[in-house]
Protein chains: 2
Amino acid sequence: MVEQDDRLSRIFGALADPTRRDMVARLAAGDATVGELAAPYDVSLQAVSKHLKVLEEAGLVRRSRDAQRRPVHLEAEVFDLMTKWIERYQQQAEERYRRLDTVLARMQGQDSPTEISDPAEGAAG
Amino acid sequence: MVEQDDRLSRIFGALADPTRRDMVARLAAGDATVGELAAPYDVSLQAVSKHLKVLEEAGLVRRSRDAQRRPVHLEAEVFDLMTKWIERYQQQAEERYRRLDTVLARMQGQDSPTEISDPAEGAAG
DNA sequence: CGTTTACTCAACCTCATGGTTGAGCAAGAC
DNA sequence: GTCTTGCTCAACCATGAGGTTGAGTAAACG
């Protein structure tokens, strides 16, 4: 993660930590203060504060003010960005798989096998 | 990322790197060898090999054998795991937002404003 | 056989990450 | 004003990630 200036790297990087994912999961149910978020974990409040900074810089949460408290709010919109990235390549891969299936089915119907090492090679490069 | 024994941490961690995300993107179009994958990047082949190991351990790719070549294949199924995780909390957060909207609409219909500092506070805790 | 190709493994370096503790700061409580 | 609460900032430390180079391995080529 040496170069994570881009948005997606920050988002994926933020969610690569189980504690942070758990925080996101809990924040989906409702806003919470830093202290409330920290309670279940066996780490210092400062560590939790750091985690929140990572989530904030990734755009996953927003921190406001309420007296001494800093209520944390989940920004659900970033999920769209991730979903879009994932779905793009998921669909692409699935489509390729379907095409491969068609090719294989066509080959089975032929008489000469023609010695093909790996049908997928043609799509590489 | 001190503790990434769990599946999702490995997957998110693997995709937190722009080079690895690019590899995944290219692999979605078709299988490729390590050399082919390494070609566009300004890093050593060993570095690319390491990246592939990370992707493999996250279950994102599978490496087979073809003579000296090690064709890399994208495992699109893991995307389902990510999508499920994302959608779960995305929907939860959206639902909460809808409920909040309902509450706010109901309050506007009332006569006494009852001094509310931050509507989101009610969902915390 | 030796050479070339296509990689992986091992050692090392540097910097980021996640944790710690101690200090500081803002706002309500007394 | 002083105390307490709820946090952030700063310094430090250990580990891990991503990069390097050099050596080693497996299979095709000569």
Side-chain angles (χ1 to χ4, degrees), chain A residues 1-6 9-24 27 31-58 60-73 115 117-118 121 124-125, chain B residues 1-6 9-24 31-58 60-73 117-118 121 124-125:
Chain A
M1 245 158 295
V2 64
E3 188 206 319
Q4 62 175 33
D5 26 28
D6 68 300
S9 293
R10 276 206 155 89
I11 296 170
F12 281 121
L15 294 174
D17 185 278
T19 306
R20 283 194 295 256
R21 270 203 317 282
D22 192 63
M23 285 176 167
V24 167
L27 285 167
D31 294 11
T33 66
V34 181
E36 285 165 350
L37 283 169
Y41 313 120
D42 194 24
V43 293
S44 67
L45 198 78
Q46 290 94 319
V48 172
S49 189
K50 271 195 187 182
H51 279 308
L52 285 168
K53 200 177 181 184
V54 173
L55 288 170
E56 190 177 36
E57 282 171 350
L60 277 156
V61 305
R62 188 163 31 86
R63 286 190 281 184
S64 48
R65 264 210 108 125
D66 169 31
Q68 314 105 297
R69 260 150 255 123
R70 310 266 183 303
V72 182
H73 176 80
E115 182 62 56
S117 58
D118 186 359
E121 272 190 331
Chain B
M1 247 157 293
V2 65
E3 188 204 322
Q4 60 176 32
D5 27 26
D6 69 299
S9 294
R10 276 208 155 88
I11 295 168
F12 280 120
L15 295 174
D17 185 278
T19 305
R20 284 194 295 256
R21 271 203 316 285
D22 192 63
M23 284 176 168
V24 167
D31 295 11
T33 66
V34 181
E36 284 166 351
L37 282 168
Y41 313 119
D42 196 24
V43 293
S44 65
L45 197 78
Q46 290 95 320
V48 172
S49 189
K50 271 195 187 182
H51 279 308
L52 285 168
K53 200 179 182 183
V54 174
L55 288 171
E56 189 178 36
E57 281 169 352
L60 277 156
V61 304
R62 187 164 33 84
R63 286 189 281 185
S64 48
R65 267 210 103 124
D66 170 30
Q68 315 103 297
R69 260 148 255 125
R70 309 265 182 305
V72 182
H73 176 81
S117 59
D118 187 358
E121 271 188 330

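First the proteins, then the strands, lettered A, B, ... as listed; each starts at 1.
Protein atom CD of B/E56 is 14 Å distant from nucleotide atom P of C/dC7, rounded to whole Å. Rounded to an integer number of Å, the gap from B/K50 NZ to C/dA11 P is 12 Å. Note: CG (A/D31) to P (D/dG6) measures 18 Å, nearest angstrom. If you measure from atom CG of A/D17 to atom C1' of C/dG19, you get 11 Å, rounded to the nearest angstrom. B/E57 has its CD atom 12 Å from the P atom of D/dG18, to the nearest Å. Nucleotide D/dA17 holds its P atom 15 Å from the CG atom of B/L15, rounded to whole Å. The nearest whole Å value for the distance from the CG atom in A/L55 to the C1' atom in D/dT8 is 16 Å. Spacing between atom CD of B/Q46 and atom C1' of C/dC12 amounts to 13 Å, rounded to whole angstrom units.
When A/D31, A/T33, A/L37 are each tested for a side-chain contact (heavy atoms from CB on, under 4.5 Å) with A/V72, only one passes: A/L37. Each of A/R20, A/Q46, A/E56 was scored for a side chain to side chain donor-acceptor pair (under 3.5 Å) with A/H51, with one residue passing: A/R20.
Contact annotation: the side chain of A/R63 approaches that of A/S49 to within less than 4.5 Å [non-hydrogen atoms, C-beta and beyond].
Taking only side-chain nitrogens and oxygens, A/T33 comes nearer than 4.0 Å to OP1 or OP2 of D/dC7. A/H51 has no side-chain polar atom (N or O) that falls below the 4.0 Å cut-off from OP1 or OP2 of C/dT17. Phosphate contact (OP1/OP2 of C/dC7, side-chain N/O of B/S49, threshold under 4.0 Å): absent.
When every heavy atom of B/L60 is checked against every heavy atom of B/I11, the shortest pair comes out as CD1-O, 4.3 Å. In terms of heavy atoms, A/V48 sits closest to A/Y41 at CG2-CD1, 4.4 Å. Here the closest heavy-atom approach between residue A/A32 and residue A/L27 is recorded as N-CD2, 3.8 Å.
With D/dG18, C/dT21, C/dG18 as the candidates, the nucleotide lying closest to the side chain of B/R20 is D/dG18. Between D/dT8, D/dC9, C/dC7, one nucleotide has an atom nearer to the side chain of A/R63 than all others, and that is D/dT8. In this structure, the nucleotide among D/dG18, D/dT20, C/dG18 sitting nearest to the side chain of B/V43 is D/dT20. Residue A/K53 has its side chain nearest to D/dC9 when only D/dC9, D/dG19, C/dG18 are considered.
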After noting the C-alpha distance and the side-chain angles of A/V43 and A/K50, does the key distance pass the side-chain contact (heavy atoms from CB on, under 4.5 Å) rule? CA-CA 11 Å; A/V43 293; A/K50 271 195 187 182; over 6 Å; no

Base, backbone or nothing for each nucleotide of nucleotides 24-30 of chain D, written B, S, -, heavy atoms under 4.0 angstrom, 5' to 3'? --SBS--

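Summary of the strand contacts: A/L45 and B/V48 both lie near DNA chain C, and taking for each the nucleotide with the nearest heavy atom, the more 5' one is attributed to B/V48.
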